[in-house]
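What follows is one structure encoded as structure tokens, with my remarks underneath.
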Amino acid sequence: MDKLFYATAYARASKDDSDSSTIKNQLEIIRNFAEKSPDIRIVSNKEDNGYSGVDFLRPSFNEMMKDIEAGKINCVIVKDFSRLGRNYIEVGELMDEIFPRLNVRLISINDHYDSLNPRTDADEIIIPFKHLVDEHYLRENSKKIRVSLNAKRKNGEFVAAFAAYGYKRDANDKSLLVIDEHAAEVVRNIFQMKIEGMSQQKIAEYLNEIGEPSPAEYKKTYTKYKVIFQKNARSLWSAVAIGRILQNPVYVGTLIQGKQTTPNYKVRNRINKPQEEWDITTDAHESAVNQHEFAIVNALLNQDTRTSPNKRTLYPLSGLVYCADCGNNMIRTKSDKIFYYICASSRGKNKCCTSHCIQHKKLEQAVMEAVTHQINLALDVEKSIEYIQSLPCQQRNVAKLNALIAERENEIKSCEGYKRSLYEDYKEKIISKDDYIEFGKDYTARIDELQQAVARLHEEIELLINNENSALGWLTYFTQYRSIPELSRKLVVNIIERIEVMEGKCIIISFRYQDKFETACKILNETKEMRCS
């Protein structure tokens, strides 16, 4: 009896292969071939689905090589050479050196190749030529894929292998991200915990305590994602993972892609691209977190904060208090059982500021009074808006404002037309070069003034109409705190940007949306004067 060969049926398909190259199709061809060969017994199937033929970094291929080295198989059968690989040099080395050294028989069915049979002169030409054709196909296909992916990224389409935690691919459009409600709610909670004063480490510890699956575990549950390097049986939340989520603009609808690339289709090592070459698309998908919370959290991440001893959260004013003279942080310290905020630059050998300070309780009391006043102001603005919206003449005022907007826009068009005609007048020597430049500046300045006036009129209309999606959403960050028994971390970071302390203990508080407050108050006063006129 002839020697019996114990074979592996090896099949590989990349993401871009045609239907005829599917794993199922390849294995069917190999099985039919083996049934007609009495000296071959297939003992295993090895499948690499979704892997390129550029190299041999494929899990099933490597399993097959281990079986060969262990003496479990001595024959490999493929549908054609391209399934083995498309790299001319590596496939040639495998066929001419590695397999012969290991006494492995190689059969490529569609290429009518069997290593048991001596090679003819024609084989010495045709086989390398086929390898070159396979590699050329790989190179050209790689170019097409790169061009296609670049176009999709610039168009704001999602092209990565896995969606960010909190999102999933749309069932009807794989290039669009949609909210994954369970994970997105965890993300929102993470942002809230950070706003309430918890550090990234404390947030991670809390999520682990309540058994919330980490992003890696969540991916393994709902996708084909596999963690290659993992020490523990279960991946846990970490401060690093929390930090990545808090800083990722994907949660406010911004898609950033193309941050890395590879030199060519043969080299897998990724290199970082300069930021100006990234593909950034805003409003690419629905936000999981609002812009207000994202901005607050990322400002907090850049501040010098310390967690209260034996507590999960920060002190209410941590990281928000600054020296008005030098601009550095003021740190919380204790002296004679009394807590103070003192300028960090006034301590140590290299003092660069005076040692002015303020008692912790006095500062919090002053901040509490200022916060209460600002919230009451917000409530007054809200009541005024509601009152104006309830007036029967409100629609008439809106009509007046729309008429004014139309007038300003027509004037903008006229100015732009005059500005364009200046060049013709200069060219025809109707006006001098100096007049051309001077008149151009005047028209540009007037256009800017009119555009600002139009924007202002639109703001007035926003105040007069009942629109939930209007620019007045910022008011809710103040009006939600109608009754505040004490300062909380969440309240402070939601409505205060910065607290500055001067040497004479004078305090300057910068509230969020201060410019919007001033604009709203001014518009309300003007609206009251003109209403029903």
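These values consider heavy atoms only, across backbone and side chains, with no hydrogens, waters or symmetry-generated copies. In this text, all values refer to a predicted model and were calculated from it rather than measured experimentally.
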Requested in this report: Take Thr254 and Thr282 through the test side-chain hydrogen bond (donor to acceptor under 3.5 Å, both in side chains) and record every step on the way to the result.
Outcome: CA-CA 4 Å; Thr254 299; Thr282 56; 5.8 Å; no

Query raised in the report: How about Tyr51 and Phe61: are their ring centres within less than 6.0 Å of each other?
Result: no

Query raised in the report: Minimum heavy-atom separation for Leu207 to Ile242, with atom names?
Result: CD1-CD1, 3.9 Å

Query raised in the report: If only atom types and distance count, is the side chain of Ser37 paired as donor or acceptor with the main-chain N or O of Ile40 below 3.5 Å?
Result: no

Query - Donor-acceptor pair, side chain of Asp111 and main chain of Tyr113, under 3.5 angstrom - result: no

Query raised in the report: Any side-chain heavy atom of Glu212 within less than 4.5 Å of one from Val186?
Result: yes

Query raised in the report: Will you find, in the side chains of Ser14 and Ser52, an N or O donor that is under 3.5 Å from an N or O acceptor?
Result: no

Query raised in the report: Would you call Asp39-Arg105 a salt bridge at under 4.0 Å N-O?
Result: yes

Query raised in the report: Side chains of Arg86 and Val91: does their closest heavy-atom pair fall under 4.5 Å?
Result: no

**Report entry** Asn155 versus Glu157, side-chain donor and acceptor atoms under 3.5 Å
**Finding:** yes

**Report entry** Side chain to side chain, Ile447 and Glu416, heavy atoms closer than 4.5 Å
**Finding:** yes

Query raised in the report: Can you check whether Glu185's main-chain N or O pairs, donor with acceptor, with Asn189's side chain at less than 3.5 Å?
Result: yes

Query raised in the report: Can you find a pair of side-chain heavy atoms, one from Lys168 and one from Ile179, that are under 4.5 Å apart?
Result: no

Query - Atom of Leu320, atom of Glu497 and distance for their closest heavy-atom approach - result: CD2-O, 3.7 Å

Query raised in the report: What heavy-atom pair brings Asp48 and Ile23 nearest, and what distance separates the two atoms?
Result: O-CD1, 4.1 Å

Query raised in the report: Minimum heavy-atom separation for Ser238 to Ala204, with atom names?
Result: C-CB, 3.6 Å

Report task. Could you please spell out the steps behind the side-chain contact (heavy atoms from CB on, under 4.5 Å) verdict for Arg512 and His292? Result -> CA-CA 10 Å; Arg512 297 188 186 277; His292 171 83; 4.1 Å; yes

Query raised in the report: Could you go step by step and tell me if Val250 and Leu177 meet the side-chain contact (heavy atoms from CB on, under 4.5 Å) rule?
Result: CA-CA 10 Å; Val250 73; Leu177 292 179; 4.2 Å; yes

Report summary line: Rounded to the nearest 0.5 angstrom, the OH-CD distance for Tyr10 and Glu47 is 10.0 Å

Report task. Report the relative orientation of the aromatic rings in His285 and Tyr167; use parallel for angles under 30°, tilted for 30 to 60°, perpendicular for over 60°. Result -> perpendicular

Query raised in the report: Just how far is it from atom CZ of Arg12 to atom CG of Asn49, taken to the nearest 0.5 Å?
Result: 10.0 Å

**Report entry** Atom of Ile190, atom of Ile203 and distance for their closest heavy-atom approach
**Finding:** O-CD1, 3.8 Å

Query raised in the report: Atom CD1 in Ile68, atom CD in Glu63: separation rounded to 0.5 Å?
Result: 12.5 Å

Report summary line: Smallest heavy-atom separation, Ile195 atom then Arg489 atom, equals O-CG, 3.3 Å

Requested in this report: Could you tell me whether a side-chain N or O of Glu293 sits under 3.5 Å from a main-chain N or O of Phe191, the two making a donor and an acceptor?
Outcome: no

Query - Glu69 vs Lys66, salt bridge (Lys or Arg N to Asp or Glu O under 4.0 Å): CA-CA, chis, key distance, verdict - result: CA-CA 5 Å; Glu69 292 171 359; Lys66 288 180 181 178; over 6 Å; no

Query raised in the report: Looking at CZ of Phe517 and CZ of Phe511, how far apart are the two atoms once the value is rounded to the nearest 0.5 Å?
Result: 8.5 Å

Query raised in the report: Can you check side-chain hydrogen bond (donor to acceptor under 3.5 Å, both in side chains) on Gln192 and Lys490, steps first, answer last?
Result: CA-CA 8 Å; Gln192 283 302 313; Lys490 185 176 181 179; 3.1 Å; yes

**Report entry** pair Met64-Val76: side-chain heavy atoms closer than 4.5 Å
**Finding:** yes

Query raised in the report: Can you check whether Leu300 reaches Val493 side chain to side chain, under 4.5 Å on heavy atoms?
Result: yes

**Report entry** Arg188/Glu181 salt bridge by N-O under 4.0 Å criterion
**Finding:** yes

Report task. Go through the steps to decide whether Asn272 and Gln260 satisfy the test side-chain contact (heavy atoms from CB on, under 4.5 Å), and finish with yes or no. Result -> CA-CA 4 Å; Asn272 294 324; Gln260 294 182 321; 2.9 Å; yes

Query raised in the report: Is a donor on one side and an acceptor on the other found under 3.5 Å between the side chain of Ser115 and the backbone of Leu106?
Result: yes

Report task. Return yes if some donor-acceptor pair links the side-chain N/O of Asp67 with the main-chain N/O of Ile73 below 3.5 Å, else return no. Result -> no

Query - Validation row: Phe81, Asn110 side chains within 4.5 angstrom (heavy atoms) - result: no

**Report entry** Tyr6 side chain near Lys72 side chain, heavy-atom distance below 4.5 Å
**Finding:** no

Query raised in the report: Do you see a donor-acceptor pair shorter than 3.5 Å between the side chains of Tyr315 and Arg332?
Result: yes

Report task. Measure from the ring center of Tyr251 to the ring center of Phe294 and say whether it is less than 6.0 Å. Result -> no

Query raised in the report: Side chains of Ser175 and Asp173: is there a donor and an acceptor less than 3.5 Å apart?
Result: yes

Distance-only donor-acceptor pairs under 3.5 Å for side chains of residues 274-281, two or more places apart:
unit_1: Trp278; atom_1: NE1; unit_2: Lys273; atom_2: O; d: 3.1
unit_1: Asp279; atom_1: OD1; unit_2: Lys154; atom_2: NZ; d: 3.2
unit_1: Asp279; atom_1: OD2; unit_2: Arg153; atom_2: NE; d: 3.4

Query raised in the report: CD1 of Ile42 to CD1 of Ile77: how many Å apart, nearest 0.5 Å?
Result: 5.0 Å

Report summary line: CG of Leu491 to OH of Tyr481, rounded to nearest 0.5 Å, is 5.0 Å

Report task. Decide yes or no on side-chain contact (heavy atoms from CB on, under 4.5 Å) for Val178 and Arg169, but give the supporting numbers first. Result -> CA-CA 6 Å; Val178 294; Arg169 291 179 184 272; over 6 Å; no

Requested in this report: Please state whether the rings of Tyr218 and Tyr165 are parallel, tilted or perpendicular, taking 30° and 60° as the class boundaries.
Outcome: perpendicular

Query raised in the report: Is Asp448 reaching over with its side chain to a backbone N or O of Gln451, donor-acceptor style, under 3.5 angstrom?
Result: no

